[in-house]
Amino acid sequence: MKFSAQQIATLLQGTIEGNTEVAVSRLSKIEEGDAESLSFLSNPKYEQHLYDSKAAIVIINESQVLDPQRTVNPTLIRVKDAYQAFAELLKIYEQMRFDRSGREEYSFVHDSAQLGEGHYVGAFAYIGSQTVLGANVKIYPQVYIGDNVRIGDNCTIYPGAKIYHDCVLGNNVTVHAGSVVGSDGFGFAPQEDGSYKKIPQIGNVVIEDGVEIGSNTTVDRATLGQTVLRRGVKLDNLVQIAHNVEVGENTVVAAQTGISGSTKIGENVILGGQVGVVGHISIAKGTQVQAQSGINKSINEEDKKWAGSPAFPYQGELRSQVLYAKLPELEKRIAELERRLRDK
């Protein structure tokens with residue numbers, strides 16, 4: 001399917017410089033464009049690519065000033081924010097590409113389940129009893145959705161994901177392939193003989209609107225009560241959220257991070273890759289934690305940066321790293337001073 005510059009400009013409320021009828025059928029990076037592709041330029045320091053680009057159409061900022069001495073071959077569409085405009089096109093492109101509806105053969109939907117308008121259920125997917133799906137929910141092949149699950153409107157569950165019983169997902173939630181929502185929390189009671197007895201995990205997981213969960217991430221159900229991902233949370237691939245954790249609004253968590261049980265994460269927190277967080281603590285809103293840091297106690301000050309393991313305030317950790325690098329030299333200087341003292 002092709003779209004003309006005029007159609008795209010109308011959609012984005014932009015202005016055209018060049019051929020209004022030129023058409024494109026795909027999106028590309030500006031340096032990889034061809035005669036049927038559309039790209040964008042938002043950062044002025046990459047302006048050079050615009051003059052060399054073979055893309056048919058390029059979206060640029062209204063404020064972008066071009067070199068009058070150089071030729072621009074693509075048709076330009078000027079918008080207020082080229083990056084945001086291109087992101088909107090990517091969203092529309094994805095919706096068109098994956099616009100599916102109905103039930104594929106070999107899927108199973110329990111008679112008591114309720115599916116909203118515009119739903120899609122892929123082959124070999126399973127939807128349990130008393131489960132309710134909102135409008136335009138897309139369930140891809142080999143997804144498992146247990147009994148009494150509630151899923152809001154416009155959600156997408158990608159292949160192989162598992163949503164256990166009693167879990168609740170809001171609107172516009174995305175769960176990527178291989179992720180598990182609602183598996184048992186890690187709860188075991190030590191016994192006198194050295195063995196461990198499993199503690200039943202009878203709570204659930206509640207995921208609010210606009211949350212996205214990356215591939216092969218696990219969100220454990222609560223022992224009692226709820227494990228909660230608040231509105232707008234974004235989890236990367238390979239993240240572990242333990243039982244009874246609460247993650248605040250618009251918090252982002254990078255890959256291989258683990259958050260232990262009953263910890264409360266504030267809103268707008270950023271956790272880098274491979275961060276480890278102990279259980280039963282709280283992290284203040286606006287906290288930023290560098291990759292591979294270890295959080296072993298509560299962080300109560302808001303909007304601070306932390307690094308290291310155990311984590312320290314970010315600037316202090318940077319100074320410590322400088323000192324670590326100088327330790328061999330300092331050791332030699334101390335040894336020399338000790339020798340001089342002995343020789344006196």
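Everything quoted here is computed from the prediction, not taken from an experiment.
Considering all non-hydrogen atoms of both residues, Arg26 and Asp34 come closest at NH2-OD2, 2.8 Å. Shortest non-hydrogen contact noted between Thr20 and Ser4 is O-CB, 3.9 Å. Contact between Ser101 and Gly118 at its shortest, heavy atoms only, is CB-O, 4.4 Å. Smallest separation of non-hydrogen atoms from Cys155 and Gly152: SG-O, 3.6 Å. The two residues Ser39 and Ser28 come nearest to each other via the heavy atoms OG-O, 2.9 Å. Annotation for Ala85 and Leu12: closest pair O-CD2, 3.8 Å, computed over non-hydrogen atoms.
The shortest side-chain heavy-atom distance between Ile213 and Val211 falls under the 4.5 Å cut-off. Counting only heavy atoms from C-beta outward, the side chains of Val289 and Ile295 approach each other to under 4.5 Å. Residues Thr251 and Leu235 form no side-chain contact, since every pair of their non-hydrogen atoms from C-beta on lies 4.5 Å or further apart. Ser260 places none of its side-chain heavy atoms less than 4.5 Å from the side chain of Val277. Here the side chains of Thr156 and Val175 are not in contact, with every heavy-atom distance at 4.5 Å or above. Looking at Glu36 and Lys2, their side chains come closer than 4.5 Å, going by heavy atoms from C-beta outward. Residues Leu89 and Ile59 are in side-chain contact: their nearest non-hydrogen atoms beyond the backbone lie under 4.5 Å apart. Within the 4.5 Å cutoff, the side chain of Leu224 has heavy atoms near those of the Ile202 side chain.
If you take CD on Gln142 and CD1 on Ile157, they are separated by 15.0 Å, rounding to the nearest 0.5 Å.
Using a 4.0 Å cut-off between a side-chain N of Lys or Arg and a carboxylate O of Asp or Glu, Arg150 and Asp166 do not qualify as a salt bridge. With respect to Lys91 and Glu88, no salt bridge is recorded, no charged nitrogen being found less than 4.0 Å from a carboxylate O. A salt bridge links Arg231 to Glu249: one of the charged nitrogens lies within less than 4.0 Å of a carboxylate oxygen. Salt-bridge formation is not detected for the pair Glu267/Arg230: no Lys NZ or Arg NE/NH1/NH2 atom is positioned less than 4.0 Å from an Asp or Glu carboxylate oxygen. Between Glu336 and Arg340 there is a salt bridge, since a side-chain N of the basic residue sits under 4.0 Å from a carboxylate O of the acidic one.
Residues Tyr83 and Ile57 share a single hydrophobic cluster, defined by chaining ILVMFWY side chains whose heavy atoms lie under 4.5 Å apart. Ile265 and Ile241 fall within the same hydrophobic cluster, where Ile, Leu, Val, Met, Phe, Trp and Tyr residues are linked whenever their side-chain heavy atoms come under 4.5 Å apart, directly or through other members.
Heavy atoms of other residues, nucleotides or ligands lying less than 6.0 angstrom from CZ of Phe186 number 12 at most. Annotation: Phe188, atom CZ; neighbour count of heavy atoms from other residues, nucleotides and ligands within 6.0 Å is above 12. The neighbour count for Gln191 CD, taken as heavy atoms of other residues, nucleotides or ligands under 6.0 Å away, is above 12. Other residues, nucleotides and ligands contribute only 12 or fewer heavy atoms inside 6.0 Å of the NZ atom of Lys54. The neighbour count for Asp111 CG, taken as heavy atoms of other residues, nucleotides or ligands under 6.0 Å away, does not exceed 12. Crowding of Tyr46 atom OH: a count of heavy atoms from other residues, nucleotides or ligands under 6.0 Å not exceeding 12. Summarising the local packing, NZ of Lys234 is surrounded by more than 12 heavy atoms from other residues, nucleotides or ligands at distances under 6.0 Å.
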Chi angles and distances behind the side-chain contact (heavy atoms from CB on, under 4.5 Å) call for Arg221, His243
CA-CA 5 Å; Arg221 72 191 313 107; His243 57 180; over 6 Å; no
Verdict with reasoning, Val233 to Asn250, per side-chain contact (heavy atoms from CB on, under 4.5 Å):
CA-CA 5 Å; Val233 166; Asn250 300 317; over 6 Å; no
Carefully, step by step, assess Val109 and Arg103 under the rule side-chain contact (heavy atoms from CB on, under 4.5 Å).
CA-CA 9 Å; Val109 179; Arg103 301 183 195 177; 3.8 Å; yes
Test side-chain contact (heavy atoms from CB on, under 4.5 Å) on Val58 and Ile30; report intermediate values, then the result.
CA-CA 8 Å; Val58 176; Ile30 191 169; 4.1 Å; yes
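For an aromatic pair to be called close, the ring centres must be under 6.0 Å apart, and Phe86 with Phe40 satisfies this. A ring-centre distance under 6.0 Å is found for Tyr140 and Tyr120.
Each of Val173, Val168, Val247 was compared with Ile207 under the side chain to side chain contact (heavy atoms under 4.5 Å, CB included) criterion, and only Val173 meets it.
Proximity of a side-chain donor or acceptor of Asn244 to a complementary backbone N or O of Thr223 within less than 3.5 Å is detected. Judged by distance alone, with hydrogens and angles left aside, the side-chain atoms of Thr217 form a donor-acceptor pair with the main-chain N or O of Asp236 at under 3.5 Å. Using a distance-only test at 3.5 Å, with no hydrogens or angles considered, a donor-acceptor pair links the side chain of Asn171 to the main chain of Asp153.
Between His176 and Tyr158, the ring planes lie parallel to each other; the angle is under 30°, not in the 30° to 60° tilted range.
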